[in-house]
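Whatever order the structure lists ligands and atoms in, that order sets their numbers, starting from 1. Owing to the predicted nature of the structure, the values given are computational and were not obtained by experimental measurement.
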Amino acid sequence: MSRSARYAVFGHPVAHSLSPRIHAAFGDQTGIAVDYAAIDAAPGAFADAPADFAGSGGDGANVTLPHKEAAFALANTRSDRAQRAGAVNTLVRRGGTWHGDNTDGAGLVRDLTDRHGLDRRGRRTLLIGAGGAARGVAGALLDAGVDGLTIVNRTPERADALADALGEPGRVHPRYLERVGESGEFDLIVNATSAGRGGAVPALPRALVGMRTAAVDLNYGEASVPFLAWARAHGVREAIDGLGMLVEQAAESFALWHGVRPETDPVFDALQARNAALVSAD
Ligand code: ATR
């Protein structure tokens, strides 16, 4: 007998998450009844939350800040890409246990290639940041064929640790943030720091930007404004926020749970129009 499966996103704070809206839109589009809620779990309360959720019919969940590492720890099994990221953003109920996956990196690469037409193969890429967000996308950028991945971070030891964990010393180059200007121009600059949430931008030199540089912020909305303003002021060819990645990672999660990949463009277009109105209203 089938029961009504439940889905959710766990985060803290999570009230403003767009994920319930995105999954509802995917459900409407595919004709799949989607029961997807946002559940706030304070850091101390997250450990039991997925088990409680499973007990009340939970079949899958997204996990966002600050719980991605904790979700990795509690998953019973993990995909290779979750293993590589050391973080889980998608939980799938399998045979009474939680399987952990990470769709963030695949979501970023799909947004860059399909939506923005940026072929990552053979491109010099700079990753700014070495926290959870950076770890979530670094492996997928390498798999997409970037020529070299230079990693800088305010705390250099974390850039070194991320580079070591990626295990590709020929292609991955940790550098000091203060000296990254010596590395020349990059084709793609990815801001994976949380600096923008406090209105700040990592201190970056103009020398990073060339004629064909694209800049991406993994944040969207207000938090992406400082870095993308820096990028535009320095003449990047394209400045991209994290909204497309958010929609694409959601589509990957939806496909894992429901076995159907939704069309992302209509959902992205609607959210982008809404987002632009919100940012310009501030
Ligand atoms: P997330 O999961 O969002 O990546 P995190 O793991 O706390 O969160 O990592 C935050 C990242 O943003 C780190 O790379 C952090 O640099 P440090 O490792 O030096 O802390 C970076 N970051 C945050 N605020 C920053 C700022 N004002 N300038 C530069 N980098 C900043």
S.K.: Is there a side-chain contact between Arg232 and Glu238, using heavy atoms and a 4.5 Å cut-off?
M.R.: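 Not in contact.
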S.K.: At a 4.0 Å threshold, what atoms of ligand 1 neighbour a non-hydrogen atom of Ala195?
M.R.: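 In order of number, 23 (C), 24 (N), 25 (C), 26 (C), 27 (N), 28 (N).
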S.K.: Show your working on side chain to side chain donor-acceptor pair (under 3.5 Å) between Ser56 and Arg6 and close with a plain yes or no.
M.R.: CA-CA 8 Å; Ser56 64; Arg6 295 179 63 208; 2.7 Å; yes
S.K.: Is the backbone of Gly60 close enough, under 3.5 Å, to the side chain of Arg93 for a donor and an acceptor to pair up by distance?
M.R.: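 Side chain of Arg93 to backbone of Gly60, a donor-acceptor pair under 3.5 Å: no, none is there.
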S.K.: Which is it for Arg197 and ligand 1 at heavy atoms under 4.0 Å: side chain, backbone, both or neither?
M.R.: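 For Arg197, only side-chain atoms sit under 4.0 Å from ligand 1.
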S.K.: Considering distance alone, does some N or O of Gly132 sit under 3.5 Å from an N or O of ligand 1?
M.R.: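 Yes; at least one N/O pair falls below 3.5 Å.
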S.K.: Got a donor-acceptor contact below 3.5 angstrom from the Asn219 side chain to the Thr193 backbone?
M.R.: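 The answer is yes, because a donor-acceptor pair under 3.5 Å joins these two groups.
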S.K.: Using atom types as modelled and distance alone, determine if a side-chain donor or acceptor of Arg78 lies under 3.5 Å from a backbone N or O of Gly86.
M.R.: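 It does not hold such a pair.
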S.K.: What's the shortest heavy-atom distance between Thr64 and Gly11, and which atoms?
M.R.: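 Closest approach of Thr64 to Gly11, heavy atoms only: CG2-CA, 3.8 Å.
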S.K.: Keeping Thr213 on the side-chain end and Val236 on the backbone end, is there a donor-acceptor pair under 3.5 Å?
M.R.: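 Such a contact is absent between Thr213 side chain and Val236 backbone.
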S.K.: Need the ligand 1 atom indices (1-based, order shown) with element for anything under 4.0 Å from a heavy-atom of Gly129.
M.R.: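 Under 4.0 Å from Gly129, ligand 1 has these atoms: 14 (O).
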S.K.: Quick check: do Leu142 and Glu168 have side-chain heavy atoms less than 4.5 Å from each other?
M.R.: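 Touching, per the 4.5 Å side-chain cut-off.
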S.K.: To which protein heavy atom is atom 16 (O) of ligand 1 closest, and what is the distance rounded to 0.1 Å?
M.R.: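 Nearest neighbour among protein heavy atoms for atom 16 (O) of ligand 1, to 0.1 Å: Asn153 OD1, 3.3 Å.
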S.K.: For ligand 1, indicate whether the residue Ala133 contacts it via side chain, backbone, both or neither (heavy-atom separation under 4.0 Å).
M.R.: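 Both backbone and side chain of Ala133 come within 4.0 Å of ligand 1.
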S.K.: Just to confirm my output: which protein heavy-atom neighbour is closest to atom 12 (O) of ligand 1, and how far is it?
M.R.: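 For this ligand atom, the closest protein heavy atom is Ser194 N, 3.0 Å.
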S.K.: Please list the nearest protein heavy atom to atom 9 (O) of ligand 1 with its residue and the distance rounded to 0.1 Å.
M.R.: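 Checked against all protein heavy atoms, atom 9 (O) of ligand 1 sits closest to Gly131 CA, 3.5 Å.
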S.K.: Provide the number and element of each atom of ligand 1 under 4.0 Å from a heavy atom of Ala130.
M.R.: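 It comes down to these atoms of ligand 1: 14 (O).
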S.K.: Could you see which bit of Thr193 sits under 4.0 Å from ligand 1, with heavy atoms only: side chain, backbone, both or neither?
M.R.: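 The part of Thr193 near ligand 1 is both the backbone and the side chain.
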S.K.: Which of the numbered atoms in ligand 1 are below 4.0 angstrom from a heavy atom of Thr155?
M.R.: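 Ligand 1 atoms under the 4.0 Å threshold to Thr155: 17 (P), 18 (O), 19 (O).
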S.K.: Relative to the heavy atoms of Leu65, which atoms of ligand 1 are at a distance of less than 4.0 Å?
M.R.: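 Result: 2 (O).
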S.K.: Considering only protein heavy atoms, which is closest to atom 20 (O) of ligand 1, and at what distance to one decimal place?
M.R.: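 Of every protein heavy atom, Arg154 NH2, 2.9 Å lies nearest to atom 20 (O) of ligand 1.
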S.K.: Can you name the atoms of ligand 1, numbered from 1 with element, that are less than 4.0 Å from a heavy atom of Arg158?
M.R.: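 What qualifies from ligand 1 is 6 (O), 13 (C), 17 (P), 18 (O), 20 (O).
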S.K.: Just by distance, no angles: are the side chains of Thr103 and Asn89 close enough, under 3.5 Å, to form a donor-acceptor pair?
M.R.: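 A pair is found: one side chain offers a donor N or O, the other an acceptor, under 3.5 Å apart.
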S.K.: Got a protein heavy atom sitting under 4.0 Å from atom 7 (O) of ligand 1?
M.R.: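 Answer no: nothing from the protein, no heavy atom, is under 4.0 Å.
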S.K.: Applying salt bridge (charged side-chain N to carboxylate O under 4.0 Å, His left out), which residue pairs with at least one partner in residues 141-157 are found, sequence neighbours left out?
M.R.: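 Qualifying pairs, neighbours excluded: Arg84-Asp143.
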